[in-house]
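Convention: sequence-line order gives letters A, B, ...; per-chain numbering from 1. It should be emphasised that the depicted structure is a prediction, and the values quoted were computed from it without experimental measurement.
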Amino acid sequence: MENEAHIDFAVIGHQDNWPSVQSIINGMRSGENEPLTVAQIKGTFSYIPPRSIFKMTAKSKTGKTVNGVYIETFIDPDELTPHFLRKNINKVNEAISVALKHKSKIIALGGFTSIVLEGNLSQFDTSSSKITTGNTLTSAYILKGVTDAILKLNKRLQDCNVLIIGATGDIGSACTHYLSSKVKGLLLNARNGRKLEAFAQQFTDTSAEIKWNTRLEELIPMADIIICVASSASIEIKDYKKQVVICDAGYPKNLDTKIEEGNGTFVFHGGMGTVNYGYDFKPDYREHFYNYPRPHIAHGCILEAVVLAFEGKYENFSSGKGNIKTESIDKIHELSVKHGVELAPFYNSKGLCEISLPKSSKG
Amino acid sequence: MGMEKLSYDLKSEEALSVLTDVFSQAITGELIGMSNFASMAGAIDDPHEKMEAVEHADSERQHAEGFMAHAEKLGLKVKVNLEGEYWGRVRNIFLSYAAKKDFIACLAIQEVMLEAFAVSMYTDVGKALDNEAGKMFLSIAEEEKEHMEHSTEFLRDELHKDKDKFLKKFEQLHNDCMTILAEFSLTSDCTDSCGVCHGNCMKSSLPIVGLDVGSMRGNALSLYARALDHIGIPGEQSIKWIANLPV
Ligand SMILES: NC(=O)c1ccc[n+]([C@@H]2O[C@H](COP(=O)([O-])OP(=O)(O)OC[C@H]3O[C@@H](n4cnc5c(N)ncnc54)[C@H](OP(=O)(O)O)[C@@H]3O)[C@@H](O)[C@H]2O)c1
Ligand SMILES: [Fe+2]
Ligand SMILES: [Fe+2]
């Protein structure tokens with residue numbers, strides 16, 4: 001009998017569109033069974049109770065190996081809205097019980113599942129298993145990404161105005177705090193004006209010049225860097241500076257499809273990391289749903305659990321909303337690099353992308 | 001909830017016609033269960049297991065009788081047919097394992113697969129019908145749940161003895177039996193008659209009594225998946241089996 005590996009970490013996730021559900025389900029169907037259409041899958045998919053659908057193994061630079069399990073919530077991609085909150089919370093709760101059954105020591109709530117819970121852990125017993133939203137390492141990769149991009153453009157962060165779309169959110173506020181002492185100006189945007197103003201008031205004493213506006217179009221023309229960490233498919237980026245660097249880290253990541261590139265504008269998918277020493281799945285369905293241009297790429301939120309498992313640092317590392325400290329961002333990033341888990345190469349929906357210096361500043 | 005239910009006139013001619021088929025399917029299913037346990041009683045050597053199988057057969061008989069009596073009270077002309085397209089195939093699969101004295105296989109087919117569908121569908125019917133018939137479906141669903149739980153413990157022990165062997169075997173049983181139940185519960189109307197419904201396929205008429213075949217199938221597969229979880233079958237295994245069922 002196959003020896004069952006103990007589980008160090010669990011990742012709870014969901015799909016955000018039907019084509020990816022379709023690829024996964026068809027990837028599970030054996031050759032003799034016809035692939036299913038989305039309509040055929042829609043009928044049953046969200047009835048399936050949350051369950052482990054594959055196991056993972058990650059290798060650290062230190063030689064340590066950790067085992068994980070991916071638990072799919074089977075949340076209906078069409079139901080990722082507040083209207084279905086109760087139903088989705090139930091699914092996430094059930095997924096957490098599955099993770100506890102696997103005796104995983106740390107659980108990462110990927111994508112929407114952390115938003116569903118509003119980071120409120122009080123309803124869970126976290127004495128034997130810790131839970132993290134993974135938003136600290138996600139923030140770290142977003143920040144590392146824009147910093148690297150700016151360096152490559154021979155620019156200095158302290159000369160840049162940074163626009164944060166979704167500034168009052170968990171990741172957005174973490175980025176705002178982090179950058180408040182490092183940039184020339186902060187341009188903050190979210191839809192709820194009162195919340196935005198109250199949030200922005202905290203930064204009036206910092207070295208960066210602060211502006212906030214619920215109207216995105218007022219802020220975009222001033223931005224040298226745009227960090228998008230809002231969950232919205234309908235964000236429009238217009239009248240931007242020619243050489244703007246855009247880090248698209250929200251869901252869905254669709255900004256590059258709306259922007260003309262090539263004029264010095266650089267758009268990349270942010271918050272992503274890569275496990276340099278190996279990240280393997282069993283069964284391996286990656287050929288059916290893995291959409292990244294290089295192997296071993298994953299979301300920062302998932303990798304936070306991987307890094308904590310490598311470290312044997314089992315704690316509710318990121319929890320709640322608005323609690324992410326600048327020191328924690330630096331700390332988790334340092335640990336991440338120690339284990340060979342690093343910022344993913346720049347890419348967007350068209351594939352890997354290189355940042356190139358505008359002609360005028362070359363030579 | 002109450003508001004919603006008022007909109008169904010369960011005494012209309014169309015509703016009674018759908019209910020006739022619902023009762024016919026339930027009674028046929030119970031008689032299949034009764035016959036399966038009776039066949040098991042014959043096949044098993046262990047005297048305690050033999051006696052238990054007879055007891056089970058009797059409990060399914062009582063369910064069938066209960067449904068029959070209630071149908072009669074409502075004036076429904078039910079049809080019983082153990083040899084119809086789907087029930088007949090399920091029965092034959094079961095008999096093939098009983099002939100081999102394969103107790104584990106018999107339990108898995110009768111108490112996990114068939115029972116998951118029974119419990120789930122009785123529960124859905126029971127919730128939809130806000131009347132005495134509904135109550136009856138719900139109370140029988142409760143008893144069937146106990147059958148499921150009883151077999152779960154047994155199968156869990158089997159799994160622990162030799163996991164790989166057990167999973168291989170269960171996969172075969174799933175392919176043999178769940179494929180038929182999945183075809184039976186397809187959301188499209190049956191093209192050939194199932195041999196139990198009295199007129200056209202009842203599936204598209206279920207909304208008349210507040211039911212729909214899509215959610216009934218979904219709930220049944222959900223309960224089946226949970227049953228596999230309780231036995232200890234890994235999720236990555238069960239999802240693959242379910243993903244390969246006919247749609
Ligand atoms: N590695 C990764 O790529 C990764 C990892 C984890 C999470 N994420 C994604 O990152 C995003 C942020 O996560 P979070 O936990 O920080 O979420 P959150 O706490 O819910 O914050 C969302 C923020 O976006 C704002 N917002 C929502 N819709 C907006 C719109 N149309 N225009 C402007 N602002 C809008 C919200 O404020 P208002 O409601 O007031 O507008 C809020 O400030 C999510 O999409 C999440 O899925 C990505
Ligand atoms: Fe029964
Ligand atoms: Fe039963």
Side-chain angles (χ1 to χ4, degrees), chain A residues 1-5 7 10-12 21-56 68-74 76 90-91 94-95 97-102 104 281-285 288, chain B residues 116-117 120-121 123-124 156 158-169 171-172 174-175 178-179 181-188 203 212-247:
Chain A
M1 187 177 138
E2 199 182 323
N3 217 349
E4 227 132 302
I7 296 292
V11 175
I12 294 179
V21 170
Q22 185 187 25
S23 319
I24 297 174
I25 297 296
N26 283 332
M28 290 173 176
R29 282 174 73 85
S30 58
E32 68 247 36
N33 292 325
E34 301 242 310
L36 301 177
T37 62
V38 167
Q40 285 173 314
I41 294 169
K42 270 189 183 181
T44 349
F45 182 76
S46 64
Y47 285 97
I48 308 296
R51 64 201 43 250
S52 135
I53 65 172
F54 55 82
K55 302 270 168 58
M56 300 164 275
V69 56
Y70 173 75
I71 298 164
E72 171 61 47
T73 50
F74 293 89
D76 184 324
N90 288 341
K91 289 218 151 190
E94 252 197 87
S97 325
V98 176
L100 294 176
K101 255 199 190 161
H102 278 90
S104 47
F281 293 11
K282 194 180 163 193
D284 195 346
Y285 296 120
H288 307 288
Chain B
F117 268 71
S120 173
M121 294 195 169
T123 306
D124 288 344
R156 199 186 290 140
E158 273 307 297
L159 176 136
H160 284 303
K161 280 184 207 157
D162 186 342
K163 193 167 182 182
D164 287 347
K165 193 173 142 208
F166 181 87
L167 291 178
K168 227 183 207 155
K169 178 179 184 127
E171 178 166 357
Q172 183 63 49
H174 167 93
N175 289 337
M178 285 304 290
T179 308
L181 293 178
E183 279 173 29
F184 195 6
S185 63
L186 285 179
T187 51
S188 50
K203 285 178 190 171
D212 89 279
V213 61
S215 63
M216 286 176 86
R217 175 188 162 93
N219 289 334
L221 288 176
S222 166
L223 189 63
Y224 174 61
R226 280 180 212 281
L228 300 188
D229 295 346
H230 288 147
I231 294 169
I233 293 171
E236 50 270 32
Q237 201 60 260
S238 54
I239 187 61
K240 232 176 143 172
W241 296 344
I242 292 169
N244 277 285
L245 287 172
V247 183

**Prompt:** Taking all non-hydrogen atoms of both residues, which atom of A/P283 and which atom of B/E236 are closest, and how far apart?
**Reply:** CD-CB, 4.2 Å

**Message:** Between A/Y47 and B/I242, is there a side-chain heavy-atom distance shorter than 4.5 Å?
**Reply:** no

**Request:** Below 4.5 Å from any heavy atom of chain B, which atoms of A/F74 appear? Answer side chain, backbone, both or neither.
**Result:** side chain

**Request:** Measure the shortest side-chain to side-chain distance between B/K240 and A/Y285 over non-hydrogen atoms and say whether it is less than 4.5 angstrom.
**Result:** yes

**Message:** Please identify, among A/E72, A/K101, A/H102, A/Q40, the residue contributing the most non-hydrogen atom pairs under 4.5 Å to chain B.
**Reply:** A/Q40

**Request:** Compare every heavy atom of A/P49 with every heavy atom of B/A225, then report the nearest pair and how far apart it is.
**Result:** CB-CD, 3.7 Å

**Asked** Is it the backbone or the side chain of A/S30 that comes under 4.5 Å from a heavy atom of chain B, or both, or neither?
**Response** both

**Request:** Look only at the side chain of A/N33 and the backbone of B/P246, and say whether a donor-acceptor pair between them is shorter than 3.5 Å.
**Result:** no

**Request:** Measure the CD1-CD1 distance between A/I25 and B/I239 for me, rounded to the nearest 0.5 Å.
**Result:** 5.0 Å

**Euclidean distance, B/Q237 CD relative to A/R51 CZ, rounded to 0.5 Å** = 11.5 Å

**Prompt:** CD of A/E94 to CG of B/D229: how many Å apart, nearest 0.5 Å?
**Reply:** 8.5 Å

**Prompt:** Side chain, backbone, both or neither: which part of A/L36 has a heavy atom under 4.5 Å from chain B?
**Reply:** side chain

